[in-house]
Amino acid sequence: MGGQDGYGFCPRCGAVMQEGVCRSCGYSTRRDADWQGSSAWQTGSGWQEPFHGQAQTGGQEPSLRPVKKQKKPGRSRVVAFTCAGIGILFLIAILVFMVISIRRVFDEVQKNTMPGYGYDSGNGYFGYGNPYDDSLPDGYGDSDDSNGYYKPDEKDDYYEEITDATSQDLDYKVIWESVSMRPDDSDDSCTYDGVYPVLRDEEGQEEEKFSSMNQKIRDMVCKYKDAYRDYASGISSSGYVTYMDEEKISVVVRHSFYEKKTTIPRVEAITFRVDNGEVISHEEMAHVDEELAWQFRSRNSHQNGTVEFVDELSDEKLMEYLKDEEDSVMFYTPVGLEVGFNYDGGWVTVTLKTGTL
């Protein structure tokens, strides 16, 4: 049959169609045409394009493209910053622990190496620091031959070197303070450093008599402070308590004047009566005469060996140096009375093993 009168054959089942509709299976060419012309393939329709541009078959509706679940913006950054912060805090904790550990080791070393002039940053004192602090371990500030420090003893033949000989069993105390001056220019090595003992009563207070004594000690230590820039590298002045008991105390200051290639030393000393703070004169400690000059020469040869300056002095000149108020030096030690003087380029003392103590 032809298609002029509306009849034809169904392309699906082969049965007779009339007016484009199969009388057997109900297939409709019009519905098929409408489907082909639908907007499923047009932009803006509710359908997605076939996957990878491939045409759908079997008359089925084209499938929708799957949409992936999106993460919240910035979430990964927050996680990264959080982890980084935790890591930084952990590193800081490690550094703090290391610093504290090193500081503890340093403090222990400081405690075990006193006396001597090692700065204790914990309490601001030098040398013995504050040995009366109850928080410090027993024996703090004590010394013996095992740690390398000289501990003078009355049995010694002579006094070997200037060092501290303090006691914690008296009715007054000795602590240490310091003074220093530094230039603004870090490359300038010209500085001043002073360390000196300060006397206090048992309660740690500065009585009137101690106030007067402390001022004299400080004046002696700081005697050359204003002139420190006259020397290439400045000056240091270290104070020592060479002897102390309930009746008297001797304080010695060792000055060092630093030139470019040499150091000029000088020693000064002062001795007080503890009960009233008065200064004990040299004449009260030892009478300078020909007998003392002879003893000085004999002790010098035994104690110091050859000192050309002393060997070249006459007895009269030697006595002048020992009597000179500016240059003579006398102070007590556990070994005996130390007697001597300063001269150009140095100083010399000898130990008199007498009953003057």
Side-chain angles (χ1 to χ4, degrees), residues 114-117 126-128 131 141-145 147-170 172-176 195-199 213 216-217 220-221 237-256 265-275 278-288 292-293 295-305 307 310 321-323 327-342 346-357:
M114 294 183 177
Y117 285 97
F126 284 72
Y128 290 99
D142 293 342
S143 64
D144 53 38
D145 296 337
N147 58 24
Y149 289 104
Y150 169 56
K151 186 176 182 179
D153 187 88
E154 60 181 351
K155 297 180 181 179
D156 295 344
D157 186 30
Y158 58 85
Y159 189 63
E160 296 182 11
E161 63 178 275
I162 297 175
T163 188
D164 293 301
T166 59
S167 173
Q168 300 181 33
D169 301 323
L170 304 176
Y172 64 100
K173 303 177 179 181
V174 174
I175 59 176
W176 303 91
V195 182
Y196 56 93
V198 178
L199 310 184
M213 297 162 68
K216 289 182 174 65
I217 294 172
M220 185 170 62
V221 171
S237 301
S238 301
Y240 300 82
V241 176
T242 59
Y243 185 84
M244 62 184 296
D245 60 21
E246 295 291 2
E247 297 179 358
K248 57 185 172 292
I249 181 172
S250 286
V251 177
V252 177
V253 177
R254 184 163 59 188
H255 303 285
S256 297
R266 180 179 176 84
V267 170
E268 299 186 35
I270 191 169
T271 300
F272 299 98
R273 289 187 176 87
V274 176
D275 60 346
E278 292 181 353
V279 177
I280 301 177
S281 66
H282 288 184
E283 190 64 25
E284 294 178 85
M285 288 188 264
H287 178 64
V288 179
L292 182 62
Q295 289 189 41
F296 188 92
R297 289 187 187 278
S298 176
R299 297 294 298 179
N300 178 63
S301 298
H302 172 66
Q303 180 175 332
N304 302 317
V307 180
V310 175
Y321 270 98
L322 293 174
K323 291 180 179 180
D327 291 326
S328 63
V329 179
M330 291 188 188
F331 57 92
Y332 291 109
T333 77
V335 184
L337 177 65
E338 204 72 8
V339 178
F341 57 87
N342 292 280
W347 56 273
V348 59
T349 63
V350 301
T351 306
L352 299 182
K353 300 281 290 184
T354 65
T356 53
L357 293 178

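Predicted model only: the values in this text are computed from it and were never measured.
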J.: Parallel, tilted or perpendicular for Phe341 and Tyr321, by the 30°/60° rule?
T.: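 Judged by the thresholds at 30° and 60°, the geometry between Phe341 and Tyr321 is tilted.
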J.: Is there a donor in the side chain of Tyr240 and an acceptor in the side chain of Arg254, or the other way round, less than 3.5 Å apart?
T.: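 Yes, a side-chain donor-acceptor pair sits under 3.5 Å.
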J.: Applying ring-ring contact (aromatic ring centres under 6.0 Å, His included), can you list everything that pairs with His282, at least two apart in sequence or on another chain?
T.: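 Counting only residues at least two positions away or on another chain, His282 forms no ring-ring contact (aromatic ring centres under 6.0 Å, His included).
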J.: Just by distance, do the side chain of Tyr150 and the backbone of Glu160 share a donor-acceptor pair under 3.5 Å?
T.: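 Yes.
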J.: What is the ring orientation for Phe331 with Tyr159, classed by angle as parallel under 30°, tilted 30 to 60°, or perpendicular over 60°?
T.: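 Answer is perpendicular, since the angle exceeds 60°.
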J.: Does Asp327 offer a backbone N or O that forms a donor-acceptor pair with the side chain of Asn342 under 3.5 Å?
T.: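 Answer holds: yes.
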J.: Compare every heavy atom of Gln303 with every heavy atom of Val350, then report the nearest pair and how far apart it is.
T.: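 For Val350 versus Gln303, the nearest heavy atoms are CA-OE1, 3.5 Å.
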J.: Closest heavy-atom contact between Arg273 and Val279?
T.: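 That would be NH1-O, 4.1 Å.
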J.: So which heavy atom on Val274 is nearest to which on Asp245, and how close?
T.: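 What the structure gives for the nearest pair is CG2-O, 3.8 Å.
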J.: How close do Pro334 and Thr242 get, heavy atom to heavy atom, and via which atoms?
T.: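 Looks like CD-O, 3.3 Å.
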J.: Do Thr333 and Glu338 have side-chain atoms, one donor and one acceptor, less than 3.5 Å apart?
T.: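 Side chains of Thr333 and Glu338: no pair found under 3.5 Å.
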J.: Leu322 and Ser328: which non-hydrogen atoms are nearest, and at how many Å?
T.: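 Smallest interatomic distance, heavy atoms only, reads O-CB, 3.2 Å.
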J.: Using every non-hydrogen atom in the two residues, find where Val251 and Met220 come nearest and quote the distance to one decimal.
T.: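 Answer, listing the atom of Val251 first, then Met220: O-CE, 3.9 Å.
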J.: Mark yes or no for whether Asp164, through its side chain, and Thr166, through its backbone, hold a donor-acceptor pair below 3.5 Å.
T.: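 The answer is no, because no donor-acceptor pair under 3.5 Å joins these two groups.
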J.: If you apply the rule side-chain contact (heavy atoms from CB on, under 4.5 Å), what do you find for Phe296 with Val288, and how did you get there?
T.: CA-CA 10 Å; Phe296 188 92; Val288 179; over 6 Å; no
J.: Between Glu284 and Lys248, does any NZ, NE, NH1 or NH2 come within less than 4.0 Å of an OD or OE carboxylate oxygen?
T.: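 Salt bridge absent between Lys248 and Glu284.
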J.: Output yes when Lys353 and Asp157 qualify as a salt bridge under the 4.0 Å nitrogen-oxygen rule, no when they do not.
T.: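 No, Lys353 and Asp157 are not salt-bridged.
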J.: Verify, without hydrogens or angle tests, whether Ser237 (side chain) and His255 (backbone) share a donor-acceptor contact under 3.5 angstrom.
T.: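 Checking the backbone N and O of His255 against the side chain of Ser237, no donor-acceptor pair under 3.5 Å is found.
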